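Presented below is the structure to which this report refers.
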Amino acid sequence: MADTNLPDLDSNRPASLADDSLEELAMRTFLRNYLQLLPARVGRVLDTLRRGDAEDSMDAVLSLKVSSHMAGALRIERHCLGLEAELRAGSVPGPGPASELLTGAMRSVLAAAGLPTAHRAA
């Protein structure tokens, strides 16, 4: 499934979740935390895949998928949906292709947010 038409970071997604200024502040705080934790979250997904741990992989993938959806990181969400499908089918994919896709999407999201992209997933 091609994701070239998806934005790196959809700024409308978090804003659509906020009804008032207090909620808007909470969403900005959420987005800031999401971006700060993104390299560690991607690293956790890749680590669990590397270990072949299906249960921990599913937990890490679902966590990253949901938070990426809320943050508007649609490419990361799409990659997580693919990993989730593989895990639900009983396969624990190796970190190889997932590493390239998730790391590349993470760097694009960080760049779109104006943050340094030198972060590496652990």
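For clarity, every value in this text was computed on a predicted model and none was experimentally measured.
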Can you see which heavy atom on [X] is nearest to which on [Y], and at what distance?
X	Y	value
T103	L46	OG1-CD1, 4.0 Å
F30	A71	CE2-N, 3.8 Å
A105	I76	CB-CG1, 3.6 Å
L49	S57	N-OG, 3.5 Å
A113	L35	CB-CD1, 3.6 Å
L83	P93	CD2-CG, 3.7 Å

Restricting to side chain to side chain donor-acceptor pair (under 3.5 Å), what partner residues turn up for [X], sequence neighbours left out?
X	result
N33	none
S67	R41
E84	K65, R88
S108	none

Looking at side-chain heavy atoms only, is the closest gap between L64 and H79 below 4.5 Å?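 Sidechains of H79 and L64: no contact.
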Side-chain contact test, heavy atoms from C-beta onward, threshold under 4.5 Å: evaluate it for E55 versus D59 and give yes or no.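 The answer is no; the side chains never approach within 4.5 Å.
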Do the side chains of M70 and L37 join up, straight or via other hydrophobic residues, at under 4.5 Å, putting them in one cluster?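 In one cluster: no.
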Using the rule that Ile, Leu, Val, Met, Phe, Trp and Tyr join whenever any side-chain heavy atoms are under 4.5 Å apart, tell me whether V42 and L115 fall into a single cluster.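 They do share one cluster, since a chain of ILVMFWY contacts under 4.5 Å joins V42 to L115.
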If you look only at pairs with a residue in residues 91-102, which of them pass as a side-chain hydrogen bond (donor to acceptor under 3.5 Å, both in side chains), with sequence neighbours excluded?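 Qualifying pairs, neighbours excluded: none.
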Please round to the nearest 0.5 Å and tell me the distance separating atom CG of L81 and atom NE2 of H69.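 NE2 of H69 is found 10.0 Å from CG of L81.
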I need the E86 CD to M58 CE distance, nearest 0.5 Å.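 So the gap between those two atoms works out to 10.5 Å.
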Identify which one of V92, L87, D56 satisfies the side chain to side chain contact (heavy atoms under 4.5 Å, CB included) criterion when paired with T48.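 Only match with T48 under side chain to side chain contact (heavy atoms under 4.5 Å, CB included): D56.
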Restricting to side chain to side chain contact (heavy atoms under 4.5 Å, CB included), what partner residues turn up for R32, sequence neighbours left out?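 Residues passing side chain to side chain contact (heavy atoms under 4.5 Å, CB included) with R32: T29, Q36.
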